[in-house]
Amino acid sequence: MDTRFLGIADLVEAPSVAVVVDVMRAFTVAAWAFAQGAEKIVLAESLDEALALKARHPDWVALKDGPPAPGFDAVNSPGLLRSIDLGGRTVVQKTTAGTVGALAVKEAPLVLCASFVVAEATARLLRTRKSDSVTFVVTGDDGQADEDLACAQYIARRATEAGTDAAEFLRRAAESRAAAELAEGVRQGVHPDDVALCLEVDRFPFAMVATLEGSLMVLRPRAMPSLTDEDPV
Ligand SMILES: O=C(O)[C@H](CS(=O)(=O)O)OP(=O)(O)O
Ligand SMILES: [Mg+2]
């Protein structure tokens with residue numbers, strides 16, 4: 001599998017397969033939203049668009065990163081989201097890095113959004129499709145965020161070597177600047193368990209696929225069959 005690891009600003013053309021990685025915290029939060037019952041997540045281009053969508057659909061759940069804000073129902077924290085029942089709801093998510101990265105590749109034929117909690121399911125989907133060229137979008141810090149790069153490299157390795165050990169990749173993520181900022185209270189809208197929740201490998205058995213539905217980029221979970229149901233890799 002030919003792999004490339006690019007920051008958002010480095011994307012010049014739509015890749016055939018894009019895996020957009022945001023460990024802390026957008027795509028850990030998205031996975032938790034699905035685990036809490038959300039039907040779909042609309043990835044908003046801006047805070048104004050998120051609020052406009054919420055105004056048009058009052059039953060939708062508007063979520064942003066940073067501190068709580070008027071008009072929004074939730075923040076970008078897995079620790080805070082895990083106690084909210086989202087059964088059947090549509091979530092509108094706008095964050096600084098993750099959602100921007102996904103929207104940057106919206107023309108790609110296949111867009112997966114990923115983090116450690118869906119690592120194996122994401123790798124399995126890549127294996128199932130026999131993807132020979134995959135672009136990983138490292139969303140944080142202009143492509144330098146080590147929690148995102150480590151997770152991207154782990155999924156890339158995992159897609160070809162099923163027995164890959166996560167420990168070294170998790171160590172890098174745990175020592176990343178984002179982890180320190182979350183732990184030290186530099187970032188806002190944080191629960192004390194957020195870093196630990198972002199470092200749980202394979203917590204969920206689904207990948208997350210983003211597609212254009214009309215003018216909106218919509219993320220949905222894709223359940224992946226267990227290892228025993230597929231050919232050995
Ligand atoms: O919510 C996050 O962790 C970050 C934003 S900030 O760095 O906390 O302000 O957003 P994300 O897009 O999930 O990296
Ligand atoms: Mg991030």
Side-chain angles (χ1 to χ4, degrees), residues 5-11 18-35 38 41-50 61-69 72-82 84 91-106 111-119 122 136-155 169-170 172-200 203-204 208 210 217 219:
F5 302 88
L6 300 178
I8 296 171
D10 303 322
L11 294 161
V19 180
V20 187
V21 179
D22 193 338
V23 172
M24 297 181 191
R25 294 166 284 173
F27 298 141
T28 301
V29 165
W32 270 97
F34 292 128
I41 299 175
V42 175
L43 304 174
E45 300 267 3
S46 65
L47 294 173
D48 284 347
E49 187 194 31
V61 177
L63 181 158
K64 68 178 277 293
D65 59 3
F72 285 86
D73 307 293
V75 293
N76 194 42
S77 159
L80 293 170
L81 203 70
R82 67 182 163 169
I84 301 176
V91 173
V92 181
Q93 186 182 29
K94 168 71 180 91
T95 73
T96 304
T99 59
V100 175
L103 288 161
V105 290
K106 65 182 174 188
V111 179
L112 307 180
C113 294
S115 60
F116 280 111
V117 295
V118 294
T122 305
F136 288 86
V137 182
V138 178
T139 59
D141 290 341
D142 297 324
Q144 304 302 309
D146 208 32
E147 76 281 9
D148 296 335
L149 183 59
C151 183
Q153 291 170 336
Y154 175 63
I155 293 170
F169 300 95
L170 285 172
R172 286 168 50 195
E175 293 177 359
S176 67
R177 188 169 80 178
E181 289 180 355
L182 287 166
E184 291 162 9
V186 174
R187 298 190 183 193
Q188 295 180 282
V190 178
H191 183 281
D193 293 344
D194 277 358
V195 172
L197 291 169
C198 290
L199 298 178
E200 286 188 317
R203 167 105 194 195
F204 303 117
M208 299 189 292
M217 186 75 160
L219 189 62

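No experiment lies behind these values; they were computed from the predicted model shown. One-based numbering, in listed order, for ligands and for the atoms of each.
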A.B. asks: Can you tell me how far the OG atom of S46 sits from the NZ atom of K64, to the nearest 0.5 Å?
C.D. replies: 12.5 Å
A.B. asks: Within this structure, what is the OG1-CG distance for the pair T28 and L197, rounded to the nearest 0.5 Å?
C.D. replies: 8.5 Å
A.B. asks: I want to confirm something. Looking only at heavy atoms, which of V100, D65, D148 is nearest to atom 5 (C) of ligand 1?
C.D. replies: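 Looking at heavy atoms only, the winner is D65.
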A.B. asks: Measure the distance from atom 14 (O) of ligand 1 to every protein heavy atom, then report the residue, atom name and distance (to 0.1 Å) of the closest one.
C.D. replies: D22 OD2, 2.9 Å
A.B. asks: Looking only at heavy atoms, what is the nearest atom pair of A173 and A179, with distance?
C.D. replies: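 For A173 and A179, the tightest heavy-atom pair comes out as O-CB, 3.6 Å.
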A.B. asks: Between V20 and A102, what is the shortest heavy-atom contact and its length?
C.D. replies: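 That closest heavy-atom pairing would be CG1-N, 3.6 Å.
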A.B. asks: Measure distances from the Mg ion (ligand 2) and count the protein N, O or S atoms below 2.8 Å.
C.D. replies: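 Number of qualifying protein atoms: 2.
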A.B. asks: Measure the distance from atom 12 (O) of ligand 1 to every protein heavy atom, then report the residue, atom name and distance (to 0.1 Å) of the closest one.
C.D. replies: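 Protein heavy atom at minimum distance: T95 OG1, 2.6 Å.
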A.B. asks: Roughly how far apart are R25 CZ and D65 CG, rounded to 0.5 Å?
C.D. replies: 7.5 Å
A.B. asks: Can you give the donor-acceptor pairs under 3.5 Å from side chains of residues 73-80 to other protein atoms, not counting sequence neighbours?
C.D. replies:
| unit_1 | atom_1 | unit_2 | atom_2 | d |
| --- | --- | --- | --- | --- |
| D73 | OD1 | K54 | NZ | 3.3 |
| D73 | OD2 | K54 | NZ | 3.0 |
| D73 | OD2 | A62 | N | 2.7 |
| N76 | OD1 | Q93 | NE2 | 3.3 |
| S77 | OG | G79 | N | 3.4 |
| S77 | OG | L80 | N | 3.1 |
| S77 | OG | D194 | OD1 | 2.9 |
| S77 | OG | D194 | OD2 | 3.0 |

A.B. asks: Return the CG to CZ distance between D148 and F116, rounded to the nearest 0.5 Å.
C.D. replies: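 Separation between the atoms: 9.0 Å.
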A.B. asks: Which atoms of ligand 1 are found less than 4.0 Å from any heavy atom of A26?
C.D. replies: 13 (O)
A.B. asks: Which atoms of ligand 1 sit under 4.0 Å from any heavy atom of T96?
C.D. replies: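 Matching atoms, with element in brackets: 5 (C), 10 (O), 12 (O).
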A.B. asks: For ligand 1, note which part of R187 has a heavy atom under 4.0 Å away: side chain, backbone, both or neither.
C.D. replies: side chain
A.B. asks: Which heavy atom of the protein is the closest neighbour of atom 1 (O) of ligand 1, given with residue, atom name and distance?
C.D. replies: N76 ND2, 2.8 Å
A.B. asks: How long is the span from the CG atom in L149 to the OH atom in Y154, to the nearest 0.5 Å?
C.D. replies: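 Rounded to the nearest 0.5 Å, the CG-OH separation comes to 15.5 Å.
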A.B. asks: To check your reading of the model: name the closest protein heavy atom to atom 3 (O) of ligand 1, its residue, and the distance in Å.
C.D. replies: R25 NE, 2.9 Å
A.B. asks: Decide if atom CZ of R172 counts as having more than 12 heavy atoms of other residues, nucleotides or ligands within a radius under 6.0 Å.
C.D. replies: yes
A.B. asks: For D193, does the CG atom have more than 12 heavy-atom neighbours from other residues, nucleotides or ligands under 6.0 Å away?
C.D. replies: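 Yes, the 6.0 Å shell around CG holds more than 12 heavy atoms from other groups.
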A.B. asks: Can you tell me how far NZ of K94 sits from CG of D48, rounded to the nearest 0.5 angstrom?
C.D. replies: 10.5 Å
A.B. asks: Between M24 and ligand 1, which part of the residue brings a heavy atom under 4.0 Å of the ligand: side chain, backbone, both or neither?
C.D. replies: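 Just the backbone.
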A.B. asks: Under 3.5 Å between some N or O of ligand 1 and some N or O of L182?
C.D. replies: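 It does not: no N or O of L182 is found under 3.5 Å from an N or O of ligand 1.
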